[in-house]
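Here, residue 1 is the first one in the sequence, and each next residue gets the next number. These numbers come from a predicted model, not from an experiment. Quick note: numbers below take in every heavy atom, side chains included, and nothing from hydrogens, waters or symmetry partners.
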Amino acid sequence: QVELVESGGGLVQAGDSLRLSCTASEGTFRTYNIGWFRQAPGKERAGVSCMSSADGSTYYADSVKGRFTISRDNAKNTVYLQMNNLKPEDTAVYYCAADASSYCSAYVSTYDYWGQGTQVTVSS
């Protein structure tokens, strides 16, 4: 069982930056793929970014390419999502998730473990 805790959300203005953190309780964290998802009010949860444990390959949704960067620090059991040039449409609850397959995906159904979410609000 992997417990995930997100932090770093907040209220910012358009153009600002935030760094989200996802810290895992599991010591074998480095063997898990980690995905970042977001869910805006009235919308389905959608994949934002992920990083594969097998080779460190990454995925970004088109809407965040060039603005968001995912990274991980296995020594700290933590994955980060650096979000730059934030836009009002980035407003959502952001979740991190983990699964033990070889390569990450942007699909909610792939992931076995989820954090509780952190709110990101971007004002215009």
Decide yes or no for Val79 and Ser71: does some side-chain heavy atom of the first lie under 4.5 Å from some side-chain heavy atom of the second?
no
I need the minimum non-hydrogen distance between Ala106 and Phe37, along with the two atoms involved.
O-CE2, 3.3 Å
How close do Cys104 and Ser52 get, heavy atom to heavy atom, and via which atoms?
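Nearest heavy atoms, Cys104 then Ser52: N-OG, 2.8 Å.
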Apply the side-chain contact (heavy atoms from CB on, under 4.5 Å) test between Val122 and each candidate in Leu11, Leu18, Val12; give the one that qualifies.
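So the option named by the test is Val12.
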Using only heavy-atom distances, determine whether the side chains of [X] and [Y] contain a donor-acceptor pair under 3.5 Å.
X: Ser105; Y: Thr110; result: yes
X: Gln119; Y: Thr121; result: yes
X: Asn33; Y: Ser53; result: yes

So for atom CD, which belongs to Glu3, do other residues, nucleotides or ligands contribute more than 12 heavy atoms lying within a distance under 6.0 Å?
no
Please say yes or no: joined through hydrophobic side-chain contacts below 4.5 Å, possibly via intermediate residues, are Val108 and Ile34 part of one cluster?
no
Parallel, tilted or perpendicular: which one describes the rings of Tyr95 and Trp114, with boundaries at 30° and 60°?
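Answer is perpendicular, since the angle exceeds 60°.
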At what distance, to the nearest 0.5 angstrom, does [atom1] of [X] lie from [atom2] of [Y]?
X: Tyr113; Y: Cys22; atom1: OH; atom2: SG; result: 13.5 Å
X: Trp36; Y: Cys96; atom1: CH2; atom2: SG; result: 4.5 Å
X: Tyr32; Y: Tyr111; atom1: OH; atom2: OH; result: 13.5 Å
X: Asn85; Y: Met83; atom1: CG; atom2: CE; result: 12.0 Å
X: Leu20; Y: Thr78; atom1: CG; atom2: OG1; result: 12.5 Å
X: Lys65; Y: Tyr59; atom1: NZ; atom2: OH; result: 7.5 Å

Under the 3.5 angstrom rule, does the side chain of Gln82 hit a backbone N or O of Arg19 as a donor-acceptor pair?
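Absent.
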So does Val5 get a backbone contact from the side chain of Gln116, meaning a donor-acceptor N/O pair under 3.5 Å?
no
Tyr80 six-ring centre to Arg72 NZ/CZ under 6.0 Å and within 45° of normal
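Not satisfied by the 6.0 Å and 45° rule.
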Go through the structure and list residues passing salt bridge (Lys or Arg N to Asp or Glu O under 4.0 Å) with Asp90, not counting sequence neighbours.
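Only Arg38, Arg67 meet the salt bridge (Lys or Arg N to Asp or Glu O under 4.0 Å) criterion with Asp90.
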